[in-house]
Amino acid sequence: MSLRTNSLTTNVEPQIAVTATRAESARSASRRGTSGKLTTGDDTGSLQTGSYHHKLMTPAPRVRFAPSPTGSLHVGGARTALYNWLFARRHGGTFILRIEDTDVDRNRPELVDQILEAMTWLGLTWDEGPYRQSERYGLYREAATRLLAEGMAYRAFETSEELEAARKAADAAGETFRYSGAGRAIPSEESDRRAAAGEPFVIRLKMPNEPIVVDDLVQGRAEFPAGSLDDFVLMRSDGHPLYHFSVCVDDVAMRITHVVRGVDHLPNTPKHVALFRALGAEAPKFAHLGMILGADGKKLSKRHGAAGAEEFRAQGLLPEALVNFLALLGWSPGEDRERMTVAEMASLFSLERIGPSPSRFDHEKLAWLNGQYLQDVAEPRLLELLRPFGLPEACPEETLLRALPLQKPRAKTLVELAQALAVYGEDPATYDPAGLKKFGKAANAPLLRTFVERISALPSLGHAGVEEVARTLAAESGVKLGDLAQPVRLALTGTLASPPLFEMIEVLGLETTRRRALALAAKIEAEAAPS
RNA sequence: GCCCCCAUCGUCUAGUGGCCUAGGACGUCACCCUUUCAAGGUGAAGAUCGCGGGUUCGAAUCCCGCUGGGGGUACCA
């Protein structure tokens, strides 16, 4: 594609795609179609008192989530997307997805799908888009041309090498580097001539020489002194728009009303405010969210275990749990609410209740929340969710379905649950050493054999019947129930921890129970008999 | 260096001048339940509201300074 910067001096502009392409519309429409469960019922619910007012007084908000495909969907990004989504749902607005892919060097197009998939997994479906900035270059060129013509921006002919050198010099002198604004002084005829002659240039914005105030909905008022910002670059010499520029042009084109993003963008905001002004547009309202830090208070990264949405998925977390957790990181509905459905969150959400401070990512609490959500998943669906994590092949699904109620309360993630299910498929390959030491006594072999004999004689293997057998046998043998139950448990699971033994036996069935109990008895006998 | 932001139990937070002897949740500990492990139930410990000054009859809540943390300072996003 030709990105000849010379085109900036002309006015040949390709048609602009302000609306999604047909394929994209269809795609997002179908996504929306599958996410019916996430609609919030705003129109009929708690909004009743306020909605009339809202609809008359202010237009429905239009918000966007604008990831760049330079990495996967980070939890920080996921939370930003969620807050935008909740805000849109709360006010009957529009949630727009925009891919910021103007950095050709760092872009990894294959990550776009990964991001979309992660958002879909989280249930954060979008109403418009995904727009790709790489497909909207005409729009940026047109805007740049206009700013140039209006004298709001100008060409600058310094090379990056020259600027780099100047930056280093300033650094060495202990001074703050700011672009000199030299390009402002070049007469427009000369500027046009040099551009036409093919001399490379960037386009810079003329920053107003006055302080810029940002009234942030979350962070409050921040005033940036005049002169603290220099004339930043709008268009690179290779014709690519820079982030600040494409963002503002698109926010105007998409009629964005509220910008909800991370505080790392707060220092950029005065630039954007100046740009919106230059573009002749009203700036949207801003809401900057505090950073999400790792448990150690450092910037969250892979080092902290998981940072990307798909990693949490791989860890066996439920999207609804992650969403609930993320919602609470910076926002609180008040009244001590913690566990909420997305619908509840959407009806309670407000930017005013977002706190400004950074927060740490507490995996423990996430795990707890996930465990809570896990309990509510019905067994058949749970089995499907578990499938990608591996189910024991040797075990009929009907058995797994019966095992699930026993194992579910003992697990916090799908990974843990899947692992716990393994015992229903295969006989223990090894025994817990401590368990063997404590319960592998010679006297326990006959106890195991008698237990097997007696439950074999039972007309059916109901847990109540098995328990009665066990209690009777323990009493007869003069031992506590635990002294019988633990060796049996060790035989059946190889460990000393499991769901209630008698219910487990009922699920495992007579054959498996016999085989495993007898195997341990044999092992004990073999070791007890000195050769 | 310069610019900007933040600061309540270990963690997430409630709190917007008197209702705070600072509330809830995770985590921790104890007890109960119990054939083990979880889950669940009950209870406890845990915050001189970062520090220092103001304002006020009264401050976690308002103002100033400091300290600590974070972000930005690109022809990255």
Side-chain angles (χ1 to χ4, degrees), chain A residues 66-71 100-103 105-107 156 158-160 163-164 167 170-171 173-179 200-204 214 216 218-220 222-225 227-230 232-238 240 242-244 246-247 262-270 288 290-291 293 295 297-299 325 328-339 353 355-369 371-372 375 407-412 420 435 467 470-471 474 480-486 488-490 493 495-502:
Chain A
S68 71
T70 53
E100 313 229 314
D101 53 356
T102 57
D103 184 347
D105 296 331
R106 297 199 313 155
N107 267 350
E158 293 82 3
T159 64
S160 359
L163 291 170
E164 190 49 39
R167 208 182 314 274
D171 244 34
E175 285 163 15
T176 305
F177 173 80
R178 280 202 191 84
Y179 175 64
F201 61 85
V202 298
I203 296 180
R204 289 181 182 268
V214 175
D216 192 275
V218 171
Q219 301 290 333
E223 184 170 330
F224 297 80
S228 64
L229 279 347
D230 61 3
F232 62 97
V233 175
L234 267 22
M235 295 289 278
R236 310 202 323 186
S237 56
D238 63 4
H240 284 282
L242 247 17
Y243 165 76
H244 300 304
S246 53
V247 161
V263 258
D264 45 331
H265 287 291
L266 187 54
N268 293 330
T269 308
H288 286 97
M291 290 275 115
L293 275 17
K298 301 288 183 205
K299 199 171 171 175
F325 177 76
L328 263 13
L329 233 44
W331 172 74
S332 162
E335 13 169 302
D336 298 332
R337 295 284 298 274
E338 293 267 336
R339 254 192 89 183
R353 292 198 58 88
S357 43
S359 46
R360 299 186 188 205
F361 196 96
D362 183 1
H363 280 91
E364 294 286 332
K365 186 159 181 177
L366 209 210
W368 167 77
L369 204 48
Q372 296 288 308
Q375 305 318 310
Q407 297 297 154
K408 209 163 64 162
R410 265 153 274 262
K412 283 187 169 151
E467 175 162 2
R471 286 193 186 278
K480 285 184 290 187
L481 183 59
D483 294 323
L484 168 61
Q486 284 301 71
V488 175
R489 191 183 321 273
L490 184 67
T493 69
T495 72
L496 293 183
S498 85
L501 188 64
F502 311 121

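The structure displayed is predicted, hence computed values, not measured ones. Note that these values count all heavy atoms, side chains included, but never hydrogens, waters or copies made by symmetry. A note on names: the letters A, B, ... follow the listed sequences, proteins ahead of strands, and every chain is numbered from 1.
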[atom1]-based separation of [M] from [N] [nearest Å]:
N: B/C3; M: B/U8; atom1: P; answer: 25 Å
N: B/C19; M: B/A14; atom1: C1'; answer: 14 Å
N: B/U67; M: B/U42; atom1: P; answer: 48 Å

In whole Å, what is the span from the [atom1] atom of [X] to the [atom2] atom of [N]?
X: A/Q219; N: B/G70; atom1: CD; atom2: C1'; value: 11 Å
X: A/F361; N: B/U11; atom1: CZ; atom2: P; value: 16 Å
X: A/R236; N: B/A77; atom1: CZ; atom2: C1'; value: 12 Å
X: A/E467; N: B/U35; atom1: CD; atom2: P; value: 7 Å
X: A/D362; N: B/U13; atom1: CG; atom2: P; value: 11 Å
X: A/D230; N: B/C75; atom1: CG; atom2: P; value: 8 Å
X: A/L496; N: B/U35; atom1: CG; atom2: P; value: 16 Å
X: A/K412; N: B/C37; atom1: NZ; atom2: P; value: 16 Å

Base of [N], side chain of [X] - is there a donor-acceptor contact under 3.5 Å?
X: A/S359; N: B/C12; answer: no
X: A/R178; N: B/U73; answer: no
X: A/E338; N: B/G24; answer: yes

Does [N] pair with anything, Watson-Crick or G-U wobble, both distances under 3.5 Å, and if so, with which nucleotide?
N: B/A60; value: none
N: B/C51; value: B/G65
N: B/A45; value: none
N: B/G1; value: B/U73

Select one nucleotide: of [options], the one nearest the side-chain heavy atoms of [X].
X: A/F177; options: B/C26, B/U13, B/A74; answer: B/A74
X: A/W368; options: B/A25, B/C12, B/C75; answer: B/A25
X: A/R410; options: B/C75, B/A38, B/G15; answer: B/A38
X: A/L242; options: B/C3, B/A77, B/G10; answer: B/A77
X: A/P500; options: B/A7, B/U36, B/C75; answer: B/U36
X: A/P409; options: B/C6, B/A39, B/C4; answer: B/A39
X: A/Q486; options: B/C5, B/A14, B/U36; answer: B/U36
X: A/P225; options: B/C4, B/C5, B/U36; answer: B/C4
X: A/K365; options: B/C6, B/G24, B/C75; answer: B/G24
X: A/R353; options: B/G15, B/G40, B/A25; answer: B/G15

Is [X] near enough to [N] that one of its side-chain N or O atoms lies under 4.0 angstrom from OP1 or OP2?
X: A/R337; N: B/G24; value: no
X: A/R204; N: B/C75; value: yes
X: A/T269; N: B/C4; value: no
X: A/R360; N: B/G69; value: no

Using a heavy-atom cut-off of under 4.0 Å over every strand shown, decide if A/T176 touches base, sugar-phosphate, or nothing. base
How about A/F232 and A/Y179: are their ring centroids closer than 6.0 Å?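 Centroid separation for A/F232 and A/Y179: 6.0 Å or greater.
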Under 3.5 Å donor-acceptor, [X] side chain and [Y] backbone:
X: A/K412; Y: A/A367; value: no
X: A/R236; Y: A/I203; value: no
X: A/E158; Y: A/L163; value: no

Note, A/D101 side chain near A/S68 side chain (heavy atom, < 4.5 Å): no
Would you call A/M235 and A/L242 a side-chain contact if the rule is heavy atoms closer than 4.5 Å? no
Could you walk me through whether A/Q219 and A/V263 pass side chain to side chain contact (heavy atoms under 4.5 Å, CB included), step by step? CA-CA 8 Å; A/Q219 301 290 333; A/V263 258; 3.2 Å; yes
Residue met sooner reading RNA chain B from 5', once A/L293 and A/L266 are mapped to nucleotides: A/L266
5′-ward residue of the pair A/G174/A/E335 relative to RNA chain B: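 The residue mapped nearer the 5' terminus is A/G174.
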Take A/H288 and A/D216 through the side chain to side chain contact (heavy atoms under 4.5 Å, CB included) test and state the conclusion after the steps. CA-CA 7 Å; A/H288 286 97; A/D216 192 275; 2.5 Å; yes
